[in-house]
Engineer: 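If you scroll down you'll find the structure; I have some questions about it.
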Amino acid sequence: MSRSTRPSSSLLRAAAVTGVAALTLTACGSGSGTGSSSAGSGEIKVGLITKTDTNPFFVKMKEGAEKAAQSEGVQLMTAAGKFDGDNAGQITAVENMVAAGVKGILITPSDSKAIVPALAKAKAKGVLVIALDTPTEPQNAVDALFATDNVKAGQLIGEYAKAAMTGKAAKIATLDLAPGVSVGVQRHDGFLKGFGATDKDVVCAQDTGGDQAKGQTAMENCLQKEPGINVVYTINEPAALGAYTALKAKGREKDVLIVSVDGGCTGTQAVKDGKIAATSQQYPLKMATEGVKAVVTDAKGGKKSGGYIDTGVTLITDKAQTGVTSKDTAFGLENCWG
Amino acid sequence: MTATSTPPSPPAPYADLKAPTTARRLLTQPTTGPLAALLLACVYFSFSTDQFLTGGNFSLIVQQVMVVGVLAIGQTLIILTAGIDLSCGAVMAFGSIVIAKTAAQGSLSPLLAIALGLVVCGGFGLLNGLLVQKIPLPPFIVTLGMLNVAFALTHIYSEEQTVTNLPGPLTALGETFPLGRTDITYGSLVTIALFLLVAYALSNTGWGRHVYALGNSPEAARLNGIRTSRLTIGIYTVAGLLYGIAALLLISRTGVGDPQAGQTDNLDSITAVVLGGTSLFGGRGSVVGTFIGVLIVGVFRNGLQLMGVASIYQTLITGVLVILAVTVDQISRKKAR
């Protein structure tokens with residue numbers, strides 16, 4: 001019985017698999033719209049590799065790169081890791097882009113150290129490598145870095161919180177990113193520097209991974225540990241909103257100062273709504289735009305970008321403090337990402 | 001009580017009687033479809049990009065899939081017994097950190113560090129096998145638990161730090177040698193050799209026939225005099241050792257010991273096995289199919305990237321192909337009744 005049916009079942013398998021493969025290929029080939037079909041051989045190709053496909057920060061970055069690529073008349077290739085921290089996925093993307101003949105690669109490294117050997121190989125093949133948002137370790141493993149000064153971003157909200165707390169004894173909680181991730185460490189340290197505090201003054205420090213649900217849990221636990229907390233530093237606005245939810249449940253949302261970093265549109269709106277006192281806004285779109293331009297300039301034989309290029313950071317709040325420079329949420333919402 | 005540890009599967013007990021005699025046929029048949037899909041994809045990408053059809057690019061694809069490929073060999077063996085291993089990526093990550101850290105921080109010579117990594121990964125496999133066979137617990141649960149154990153140990157032992165400055169022998173498999181105008185990594189050769197070795201063992205040895213018999217029906221296999229308990233534990237242990245080799249390949253490819261590695265590799269390996277035509281219900285399939293399955297994923301990822309298609313479409317296509325492959329498996333099973 002099985003003898004007679006098996007050949008036909010394998011034929012069925014072959015037909016079905018190939019059929020759908022072909023269908024999907026044609027479907028996405030026509031639907032991608034990222035200039036895949038118009039890839040002329042003489043055209044300059046630029047690669048953008050983000051940490052993930054789904055984080056709004058990287059979505060905005062991609063949007064910036066696409067616009068810049070269009071106005072510069074070059075082809076943009078994009079790729080991303082499967083999750084934040086997917087180093088192997090980023091290595092694969094680097095290799096494929098080098099194989100595709102890109103002139104330059106813009107990358108937000110998921111793992112600052114682990115990506116370095118792969119980038120060195122790309123550089124050895126003459127590809128300009130630029131880090132966006134997150135520096136590599138060592139920083140000179142790439143040709144240039146376009147990023148927010150995260151120490152400064154933290155310092156701005158630290159100074160703001162200091163001014164807002166004048167005359168009150170501060171009990172600080174910090175909702176951080178994750179151990180050993182440079183962005184989180186720099187923002188945290190910058191905040192403490194701006195506030196004029198040290199880690200000893202922090203009554204509760206918790207990692208959140210920048211996640212809203214984890215931010216809420218962390219804040220709940222911090223309040224359990226030390227109910228008198230009145231200043232909360234958060235790594236980003238999702239963590240800040242999680243903290244707000246936890247504080248609101250305790251009826252403490254009015255008398256606790258929450259400050260954050262990022263400047264996403266949801267986060268900036270939360271500043272406008274008074275949930276977050278202030279945030280340091282960064283500009284992923286600008287990072288990508290400048291990055292694409294740098295690759296094009298280099299490919300056309302122009303001046304090679306090098307070193308660290310600060311893409312700027314702005315303190316956004318509607319309750320300005322004297323002595324601290326800031327812009328209001330109207331500006332923030334106009335320039336937000338996500 | 002029977003010694004079975006498999007989750008309840010659709011009833012097909014009478015298919016078991018002819019399993020030993022048709023084992024050889026089963027090895028080759030289910031790969032026809034996947035092979036056709038692979039070739040079609042290759043032809044498509046050859047026409048749509050200039051860079052696809054080059055020796056260097058094929059060498060690259062093999063390098064990119066070798067880690068998941070070796071994991072998928074172990075996964076195939078376990079799935080052939082109607083089991084599943086969710087812990088493979090995490091066990092590999094732990095093995096890679098053990099190797100990288102003990103060697104890079106000077107406490108062990110590189111070769112001893114590699115041996116330790118293999119022993120650790122093999123130990124995880126042995127433990128999986130014992131829990132599945134002796135208690136017995138469902139493989140899904142055992143390996144889900146082990147996934148978390150290995151994941152946690154990786155992060156505890158690494159202290160969340162990426163291990164850099166690895167001594168030469170650890171990355172030797174990432175070195176290349178020229179073949180014509182193409183550079184091939186030694187790791188690719190190791191991967192292909194492992195696939196050939198296990199394919200031979202499955203199709204041409206008594207052990208291989210026992211694996212298929214066990215997958216078709218543990219009870220029938222036991223009644224036929226196969227020591228199913230020892231066989232099952234052995235399969236999980238061999239799979240663990242393969243994860244140790246994958247750990248070494250991973251280190252050689254990335255040049256670092258990375259605690260974040262392998263997080264989705266368990267699912268990627270299952271994807272490769274399923275795309276390769278191996279049945280999740282056990283007893284049908286082959287590692288040759290798995291090799292084709294691994295290549296399908298690698299070729300799509302590489303080809304779409306060369307075309308400039310965003311990576312999210314790779315995920316979309318892989319998902320569709322997986323559902324399709326299982327559907328075809330189910331239909332062909334029904335027809336075979």
Side-chain angles (χ1 to χ4, degrees), chain A residues 1-3 5-18 20-22 24-25 28-29 31-32 34-37 39 41 45 53-54 62 75-80 82-83 85-89 91-93 95-97 99-101 110-118 178-180, chain B residues 15 18 22 25 29-30 32-37 40-41 44 48-51 54 56-57 60 63-64 67 159-162 164 250 253-256 258 260-264 277 301-302 304-313 315-317 320-321 324-325 327-329 331-332 335-337:
Chain A
M1 181 178 67
S2 69
R3 238 161 248 244
T5 52
R6 224 165 237 125
S8 74
S9 69
S10 87
L11 271 181
L12 173 73
R13 186 189 292 270
V17 171
T18 48
V20 166
T24 355
L25 274 171
C28 76
S32 72
T34 46
S36 52
S37 52
S41 51
K45 287 180 193 164
D53 267 324
T54 45
K62 201 160 128 184
Q75 190 199 345
L76 180 75
M77 311 181 87
T78 60
K82 283 188 201 153
F83 55 91
D86 181 11
N87 184 56
I91 291 178
T92 301
E95 291 170 345
N96 287 344
M97 284 183 180
S110 264
D111 185 320
S112 301
K113 284 182 196 162
I115 194 70
V116 168
Chain B
K18 56 180 178 285
T22 55
R25 295 176 53 83
Q29 292 287 348
T32 318
L35 188 61
L40 189 93
Y44 181 85
S48 25
T49 73
D50 298 337
Q51 304 95 354
T54 62
N57 196 46
L60 194 59
Q63 286 171 45
Q64 290 173 347
V67 173
E159 294 167 328
E160 314 286 348
Q161 297 296 309
T162 303
T164 52
L250 175 74
R253 176 163 156 70
T254 59
V256 294
D258 174 11
Q260 304 266 21
Q263 282 189 29
T264 59
R301 184 169 53 200
N302 174 272
L304 291 176
Q305 190 68 68
L306 293 180
M307 284 173 66
V309 177
S311 52
I312 196 73
Y313 288 96
T315 313
L316 180 74
I317 289 177
V320 171
L321 287 179
L324 194 84
T327 307
V328 171
D329 179 46
I331 293 171
S332 63
K335 280 205 160 186
R337 272 177 217 164

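Just so we're on the same page: letters track the sequence lines, and every chain starts at 1.
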Engineer: In terms of heavy-atom pairs under 4.5 Å with chain A, which of B:Gln64, B:Glu159, B:Gln260 leads?
Structural biologist: B:Gln64
Engineer: Heavy atoms only, distances under 4.5 angstrom: which of B:Asn302, B:Thr327, B:Thr49 has the most pairs with chain A? Name it, please.
Structural biologist: B:Asn302
Engineer: Which region of A:Ala118, side chain (C-beta onward) or backbone (N, CA, C, O), has a non-hydrogen atom less than 4.5 Å from a non-hydrogen atom of chain B, or is it both or neither?
Structural biologist: neither
Engineer: Given heavy-atom pairs under 4.5 angstrom as the criterion, report whether the side chain, backbone, both or neither of B:Thr164 touches chain A.
Structural biologist: side chain
Engineer: Can you name the nearest heavy-atom pair linking B:Thr162 to A:Ala114, along with the distance?
Structural biologist: CG2-CB, 3.9 Å
Engineer: For the CG atom of A:Asn96 and the CD atom of B:Gln51, what is their distance to the nearest 0.5 Å?
Structural biologist: 10.5 Å
Engineer: Under a 4.5 Å cutoff for heavy-atom pairs, which residue among A:Asn87, A:Val116, A:Ile115 has the most contacts with chain B?
Structural biologist: A:Asn87
Engineer: Once you round to the nearest 0.5 Å, how far does CG of B:Asp258 lie from CG of A:Asp111?
Structural biologist: 4.5 Å
Engineer: For chain A, find which of B:Leu60, B:Thr315, B:Val67, B:Thr54 contributes the most heavy-atom pairs closer than 4.5 angstrom.
Structural biologist: B:Leu60
Engineer: Ignoring hydrogens, what is the shortest heavy-atom contact between A:Pro117 and B:Thr254? Give both atom names and the distance.
Structural biologist: CG-O, 3.5 Å
Engineer: Taking atom CD of B:Gln305 and atom CE of A:Met77, what is their separation to the nearest 0.5 Å?
Structural biologist: 5.5 Å
Engineer: When heavy-atom pairs shorter than 4.5 Å are enumerated against chain B, which of A:Glu95, A:Lys113, A:Lys82 gives the highest number?
Structural biologist: A:Glu95
Engineer: At a heavy-atom separation under 4.5 Å, does B:Asn57 approach chain A through its side chain, its backbone, both, or neither?
Structural biologist: side chain
Engineer: Checking A:Ile91 against B:Gln63 for the side chain to side chain contact (heavy atoms under 4.5 Å, CB included) test, could you report, in this order, the C-alpha distance in whole Å, the side-chain angles of both residues, the deciding distance, and whether it holds?
Structural biologist: CA-CA 11 Å; A:Ile91 291 178; B:Gln63 286 171 45; over 6 Å; no
